[in-house]
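Contents: one structure, followed by commentary.
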Amino acid sequence: MTPVILADLDDTIFTTLKNYQDRDPDTLQRVTTAKNGNHSFMCEQRQAILTWLAAGATLLPVTARSLDAFGRVHLDVFTEGAIVSNGAMILNRDRSEDLSWSKHVADLCQKSDYILEAAAKLFGQLPIDVRIHRHEHRGALLGMTVKSNDETDDGVKMNLGFARQAFIEKYCHTNVAVHMNGNNLAFVPGGVSKKAAVQYLLSIREDLQDRPTIGVGDSLADLPFMELCSMMLVPNNTQNSKKLFA
């Protein structure tokens with residue numbers, strides 16, 4: 001009875017050069033292509049851990065990456081399907097889309113798209129320096145990510161902190177979840193989550209049922225799906241490890 005490993009990707013399986021400041025980039029393996037050039041890498045230790053995880057288990061990514069961004073991950077171990085876009089889309093083993101889940105998500109997104117559109121307009125009026133990424137698929141607005149153009153710690157704290165507070169003050173009673181981790185401020189329609197997608201996937205895939213599960217993630221936003229699992233793995237120096245050892 002081999003385990004099913006449900007793993008976040010960014011800052012869990014791999015990470016950007018910002019988190020490898022003490023390493024020569026030539027000693028790292030580049031594993032993603034980012035459109036802005038901020039690619040992700042793995043050191044020898046992370047490569048060894050990933051190889052170990054994939055060797056004796058079914059490895060399923062559970063990532064905030066969009067379908068496009070997941071397609072720019074250059075690792076050949078993800079062959080069993082995936083959950084992408086913060087749970088808004090589920091991919092089958094052949095990377096085709098689970099259309100039943102997508103229909104369910106589209107109905108949820110329709111209820112909150114006007115809030116995300118209004119929030120994008122609000123951020124454009126604030127005295128902050130950010131870029132906004134809209135995550136759309138088949139006409140549905142699956143969510144939105146805001147990133148600070150000033151990626152220093154102070155710049156991220158000021159720009160994203162201001163944006164987050166402004167959204168909460170204006171739309172606190174709306175059905176939109178807000179997640180902040182590093183230079184990522186994510187807005188996800190109510191009812192859409194990694195946890196909901198994991199629950200659905202485990203319920204329909206007979207090959208995954210009645211097997212031990214391990215949840216792996218760095219972010220507080222990962223904890224709900226990780227708590228569904230038999231055990232958890234938490235990378236060091238992340239939101240989750242800081243919460244554990246605060």
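Predicted model only: the values in this text are computed from it and were never measured. Every heavy atom of this structure was used, including side-chain atoms; hydrogens, water molecules and symmetry mates were not.
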Could you go step by step and tell me if N175 and S112 meet the side chain to side chain contact (heavy atoms under 4.5 Å, CB included) rule? CA-CA 7 Å; N175 194 22; S112 59; 5.6 Å; no

Quick one: list whatever passes side-chain contact (heavy atoms from CB on, under 4.5 Å) with N237, sequence neighbours left out. none

With R138 via side-chain contact (heavy atoms from CB on, under 4.5 Å) - residues at least two apart: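 side-chain contact (heavy atoms from CB on, under 4.5 Å) check on R138 returns E97, L99.
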
Output the distance between atom [atom1] ([X]) and atom [atom2] ([Y]), rounded to the nearest 0.5 Å.
X    : Y    : atom1 : atom2 : result
K195 : N86  : NZ    : CG    : 15.0 Å
C172 : Q165 : SG    : CD    : 10.0 Å
D113 : L142 : CG    : CG    : 11.0 Å
L28  : Q47  : CG    : CD    : 8.5 Å
W52  : I5   : CH2   : CD1   : 6.5 Å
M232 : L223 : CE    : CG    : 6.0 Å

Are [X] and [Y] connected in the hydrophobic side-chain network, where two residues link if heavy atoms are under 4.5 Å apart?
X    : Y    : result
I13  : V31  : yes
Y171 : V192 : no
F167 : L185 : yes
M144 : V105 : no
L141 : V178 : yes

What residues form a salt bridge (charged side-chain N to carboxylate O under 4.0 Å, His left out) with R211, not counting sequence neighbours? none

Looking at residues at least two apart in the chain, or sitting in another chain, which of them share a salt bridge (charged side-chain N to carboxylate O under 4.0 Å, His left out) with K18?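 Partners of K18 by the salt bridge (charged side-chain N to carboxylate O under 4.0 Å, His left out) criterion, ordered by chain and then number, come out as D153.
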
Kindly give the heavy-atom pair with the smallest separation between [X] and [Y], and that separation in Å.
X    : Y    : answer
R46  : T12  : NH1-O, 3.0 Å
P189 : C109 : CG-SG, 3.8 Å
S40  : R65  : OG-NH2, 4.1 Å
L116 : G143 : CD1-CA, 4.0 Å
T213 : L228 : OG1-O, 4.2 Å
D207 : R93  : OD2-NH2, 2.7 Å

Taking the six-membered ring for Trp, are F41 and Y20 closer than 6.0 Å centroid to centroid?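 That pair fails the under 6.0 Å test.
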
Does the ring center of F187 lie less than 6.0 Å from the ring center of F123? yes

Sub-3.5 Å donor-acceptor pair from the side chain of [X] to the main-chain atoms of [Y], do we have one?
X    : Y    : result
Q29  : C43  : no
E227 : G215 : no
N159 : I128 : no
S66  : A69  : yes
E151 : V156 : no
N240 : L220 : yes
R95  : G81  : no

Can you name the residues that form a ring-ring contact (aromatic ring centres under 6.0 Å, His included) with H179, not counting sequence neighbours? none

Would you check if [X] and [Y] make a side-chain contact, meaning some heavy-atom pair closer than 4.5 Å?
X    : Y    : result
L60  : V198 : no
F70  : L9   : yes
M1   : P212 : yes
T32  : D10  : no
D222 : V234 : no
D8   : V62  : no

Side chains of S96 and D94, donor plus acceptor under 3.5 Å: yes

Any donor-acceptor N or O pair under 3.5 Å, side chains D150, T152: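 Yes, because at least one side-chain N or O of D150 sits under 3.5 Å from a partner of the opposite role on T152.
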
Does atom [atom1] of [X] have more than 12 heavy-atom neighbours from other groups under 6.0 Å away?
X    : atom1 : result
E117 : CD    : yes
D76  : CG    : no
E206 : CD    : no

Side chain to side chain contact (heavy atoms under 4.5 Å, CB included) evaluation trace for L233 with I49: CA-CA 11 Å; L233 290 177; I49 290 171; over 6 Å; no

Start with the C-alpha gap between T238 and D218, add the side-chain angles, then the distance that decides, and say whether side chain to side chain donor-acceptor pair (under 3.5 Å) holds. CA-CA 5 Å; T238 61; D218 71 292; 5.6 Å; no

Using side-chain contact (heavy atoms from CB on, under 4.5 Å) as the criterion, point out the one residue from L160, N183, N184 that pairs with V146. L160

Presence of salt bridge, D98 and R205, under 4.0 angstrom: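 No salt bridge links R205 with D98.
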
Of all pairs that satisfy ring pair (Phe, Tyr, Trp, His ring centres under 6.0 Å), the ones with a partner from residues 202-239, not counting sequence neighbours: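 Applying ring pair (Phe, Tyr, Trp, His ring centres under 6.0 Å) to every pair that reaches into residues 202-239, excluding sequence neighbours, yields nothing.
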
Which label fits H104 and W101: parallel for a plane angle under 30°, tilted from 30 to 60°, or perpendicular past 60°?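 It falls in the tilted class, 30° to 60°.
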
